[in-house]
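Heads up, the thing below is written out as structure tokens.
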There are 2 protein chains.
Amino acid sequence: MDDKLVKYSAPVLRRLPMYHHFLQQLKHQGLTTISAAVLAKHFNLDGIIVRKDLALTGSVGKPRVGFEIAGLIKTIEEYLGWNKLNRGVLVGCGNLGKALLGYEGFSQNGFNIDAVFDSDPLLVGTQVHGKEVLPLSKLPNLCLRMHTEIGILTVPSSQAQSVAELMVEGGIKGIWNFSPSGLNVPRGIAVLQQSLAGSLAVLVKQVEDIKK
Amino acid sequence: MDDKLVKYSAPVLRRLPMYHHFLQQLKHQGLTTISAAVLAKHFNLDGIIVRKDLALTGSVGKPRVGFEIAGLIKTIEEYLGWNKLNRGVLVGCGNLGKALLGYEGFSQNGFNIDAVFDSDPLLVGTQVHGKEVLPLSKLPNLCLRMHTEIGILTVPSSQAQSVAELMVEGGIKGIWNFSPSGLNVPRGIAVLQQSLAGSLAVLVKQVEDIKK
DNA sequence: ATTCAATCGATACGAAAATAACGATAACTG
DNA sequence: CAGTTATCGTTATTTTCGTATCGATTGAAT
């Protein structure tokens with residue numbers, strides 16, 4: 001039976017982790033409460049946006065006081081599923097792949113990279129950030145066995161499509177694609193295109209705009 | 001006098017580079033024309049979106065034929081300012097910083113990283129991807145002299161704010177922030193928050209959604 | 001030459017996000 | 001204890017984005 005059209009908003013999902021990070025800093029500083037306005041100002045956002053984002057997670061604040069920081073952190077984590085363990089595999093041990101492997105933001109937020117793959121025989125067998133690099137051929141079976149659902153793709157664009165197909169074969173349900181190539185995947189597989197050039201294009205236009 | 005409300009759309013700016021990359025592949029394969037529908041399918045987009053995006057750049061197609069690939073590439077480059085040379089500096093030579101320095105997508109699209117900085121004395125003076133790492137203290141003056149407008153920030157979040165302040169001092173107009181921290185900058189400075197955790201959160205939700 | 005089909009381009013519509021407005025509540029003040 | 005004010009939470013408005021519809025144009029087919 002069809003589930004009641006589960007709603008999620010990408011803009012909100014992108015902002016919540018930023019709040020979360022800042023809130024943890026505040027918590028470490030010993031603060032206990034914060035108003036939506038202060039949170040908003042720290043990210044150059046409108047206060048209303050923050051209040052609505054937080055409302056979505058189920059957080060409730062108190063007038064004249066704000067939100068309890070510890071509670072906020074908890075509800076955000078629950079909303080994002082960061083209390084459960086999320087898992088993925090990474091393919092492509094170049095500079096970018098290594099950088100992502102070392103990104104603390106993942107391990108800190110309940111995301112674990114189960115396995116690392118590369119097509120380069122020289123890299124296979126070596127250790128990267130404490131994980132052994134496996135040959136691509138092992139990807140499908142390993143993902144199937146571990147029920148891995150997320151694949152991080154940091155290979156050159158010439159290999160992107162073929163690796164994506166291996167991921168699909170392995171039952172991967174969502175691909176985070178850092179290559180600029182589009183991926184041709186069956187329906188039912190999510191592709192998140194992480195376009196660095198696109199982000200830069202946005203920033204460049206913003207700067208041009210400022211100069212007038 | 002106020003310039004006529006220059007309009008730009010972030011979603012469009014994020015898609016255009018993807019088209020551009022694909023079009024260059026096609027060109028190398030010897031193709032000369034392409035329809036919006038084919039382009040759309042390659043990125044799992046609606047054909048109407050592609051047509052409207054291309055219309056925005058000033059490209060014109062011919063019925064029953066499509067768009068001329070070489071012309072498309074040119075108009076996209078003009079629209080994005082990729083024909084002019086754009087420049088920036090990068091601060092933070094960790095894994096991520098190195099990865100961005102090596103990213104071909106930048107050099108290929110007319111974006112040049114003029115200088116690289118790090119606070120670590122052990123890194124200063126070394127070469128990374130053919131560029132010498134400079135001490136942070138030199139940042140403001142160098143940016144002022146070169147009129148650098150873009151700053152790429154790939155330092156740990158504890159240093160993000162102080163580096164941002166140096167960038168502002170150096171006349172930087174747009175900061176591409178890869179740290180999860182918010183940046184407190186004066187009005188008139190653009191900050192593009194590149195939230196990796198946020199992107200991952202979006203993908204995880206999409207995958208959850210698929211499973212129903 | 002006429003018909004047909006594919007593709008573009010423009011207009012119109014709907015959904016989603018950001019912004020604004022306003023009433024409600026709880027702490028502080030005198 | 002009453003008034004004031006900061007802050008929340010809801011509803012409404014506007015803007016932006018994506019989608020649908022439809023006529024116009026051009027190349028191919030008959």
Side-chain angles (χ1 to χ4, degrees), chain A residues 4-16 18-19 23 26 31-69 71-72 75-76 79 193 195 198 201-202 205-206 209, chain B residues 4-16 18-19 23 26 31-69 71-72 75-76 79 190 192-193 195 198 201-202 205-206 209:
Chain A
K4 267 249 179 298
L5 234 300
V6 184
K7 289 299 254 184
Y8 61 86
S9 146
V12 175
L13 289 173
R14 290 182 186 281
R15 286 190 294 263
L16 287 177
M18 311 196 320
Y19 304 157
L23 290 168
L26 296 179
L31 298 182
T32 57
T33 61
I34 187 175
S35 77
V38 172
L39 200 52
K41 193 182 174 191
H42 190 255
F43 292 101
N44 292 311
L45 295 173
D46 192 306
I48 306 172
I49 288 194
V50 175
R51 268 184 292 163
K52 290 184 92 168
D53 288 352
L54 298 183
L56 234 126
T57 67
S59 309
V60 285
K62 273 205 291 191
R64 186 104 190 180
V65 174
F67 294 81
E68 201 211 338
I69 291 177
L72 264 191
T75 50
I76 289 177
Y79 185 83
Q193 196 80 17
S195 166
V202 172
K205 277 281 179 192
Q206 286 177 346
D209 230 38
Chain B
K4 269 244 177 301
L5 234 302
V6 184
K7 289 299 252 184
Y8 61 86
S9 147
V12 176
L13 289 173
R14 289 183 185 282
R15 285 189 296 262
L16 287 177
M18 310 194 323
Y19 304 157
L23 290 168
L26 296 180
L31 298 183
T32 57
T33 60
I34 186 174
S35 76
V38 172
L39 201 50
K41 193 183 175 192
H42 189 254
F43 292 102
N44 292 311
L45 294 173
D46 192 307
I48 307 172
I49 288 194
V50 175
R51 280 199 310 241
K52 290 183 90 169
D53 289 351
L54 297 183
L56 232 124
T57 67
S59 308
V60 285
K62 273 205 292 191
R64 186 100 193 184
V65 175
F67 295 81
E68 201 212 338
I69 291 177
L72 263 191
T75 50
I76 290 177
Y79 185 83
L192 182 66
Q193 197 79 19
S195 167
V202 171
K205 276 281 181 194
Q206 285 178 347
D209 230 37

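This one's a predicted model, so the numbers in the text were calculated from it and none came from an experiment.
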When the axes are fitted on five pairs at both termini, how much does the helix from C/dA1-D/dT30 to C/dG30-D/dC1 curve, in 10° steps?
0°
Using a cut-off of 4.0 Å on non-hydrogen atoms, how would the nucleic acid contact of B/Val12 be classed: base, sugar-phosphate, or nothing?
nothing
Using distance only, find each side-chain donor-acceptor pair of residues 43-60 of chain B under 3.5 Å and give its atom names and separation, not counting sequence neighbours.
{"unit_1": "B/Asp46", "atom_1": "OD1", "unit_2": "B/Ile48", "atom_2": "N", "d": "2.9"}
{"unit_1": "B/Asp53", "atom_1": "OD1", "unit_2": "B/Arg15", "atom_2": "NH2", "d": "3.1"}
{"unit_1": "B/Asp53", "atom_1": "OD2", "unit_2": "B/Arg15", "atom_2": "NE", "d": "2.6"}
{"unit_1": "B/Asp53", "atom_1": "OD2", "unit_2": "B/Arg15", "atom_2": "NH2", "d": "3.4"}
{"unit_1": "B/Asp53", "atom_1": "OD2", "unit_2": "B/Tyr19", "atom_2": "OH", "d": "2.7"}
{"unit_1": "B/Thr57", "atom_1": "OG1", "unit_2": "B/Leu54", "atom_2": "O", "d": "2.7"}
{"unit_1": "B/Thr57", "atom_1": "OG1", "unit_2": "B/Ser59", "atom_2": "N", "d": "3.4"}
{"unit_1": "B/Thr57", "atom_1": "OG1", "unit_2": "B/Ser59", "atom_2": "OG", "d": "2.8"}
{"unit_1": "B/Ser59", "atom_1": "OG", "unit_2": "B/Thr75", "atom_2": "OG1", "d": "2.7"}

Residue pair A/Thr33 / A/Glu68: nearest heavy atoms and the distance that separates them
CG2-CA, 4.2 Å
Between the protein and nucleotides 13-16 of chain C, are there any N/O to N/O pairs under 3.5 Å, and if so, what are the atom names and distances?
{"unit_1": "C/dA16", "atom_1": "OP1", "unit_2": "A/Lys7", "atom_2": "NZ", "d": "3.0"}

Round to a whole Å and report the spacing from CG of B/Asp46 to P of C/dC8.
12 Å
My understanding is that only residues two or more places apart in sequence, or in another chain, count here; which of them pass side chain to side chain contact (heavy atoms under 4.5 Å, CB included) with B/Ser9?
B/Pro11, B/Val12
Partner of A/Leu26 under side chain to side chain contact (heavy atoms under 4.5 Å, CB included), chosen from A/Ile34, A/Val38, A/Leu72
A/Ile34
Which residue pairs pass the side-chain hydrogen bond (donor to acceptor under 3.5 Å, both in side chains) test when at least one of the two sits in residues 34-43 of chain B, sequence neighbours left out?
none
Can you give one letter per nucleotide of nucleotides 25-30 of chain C, going 5' to 3': B for a protein heavy atom under 4.0 Å from the base, S for sugar-phosphate only, - for none?
BSBS--
For A/Gln193, which residues count as a side chain to side chain donor-acceptor pair (under 3.5 Å) partner, sequence neighbours excluded?
A/Asn177
For DNA chain C, determine which residues of residues 47-58 of chain A have any heavy atom closer than 4.0 angstrom to one of its atoms, and list them numerically.
A/Ile48, A/Ile49, A/Lys52
Which atom pair, heavy atoms only, marks the closest approach of A/Tyr8 to B/Gln206?
OH-CG, 3.2 Å
Take atom CG of A/Asn44 and atom C1' of C/dA18, then tell me their distance rounded to the nearest Å.
16 Å
Pairwise 5' ranking along DNA chain D for A/Ala37 and B/Arg15, keeping only the more 5' one
A/Ala37
B/Thr32: partners by side chain to side chain contact (heavy atoms under 4.5 Å, CB included), with sequence neighbours left out
none
Identify the heavy atoms of A/Gly61 and A/Phe67 that sit nearest to each other, and give their distance.
N-CE2, 3.4 Å
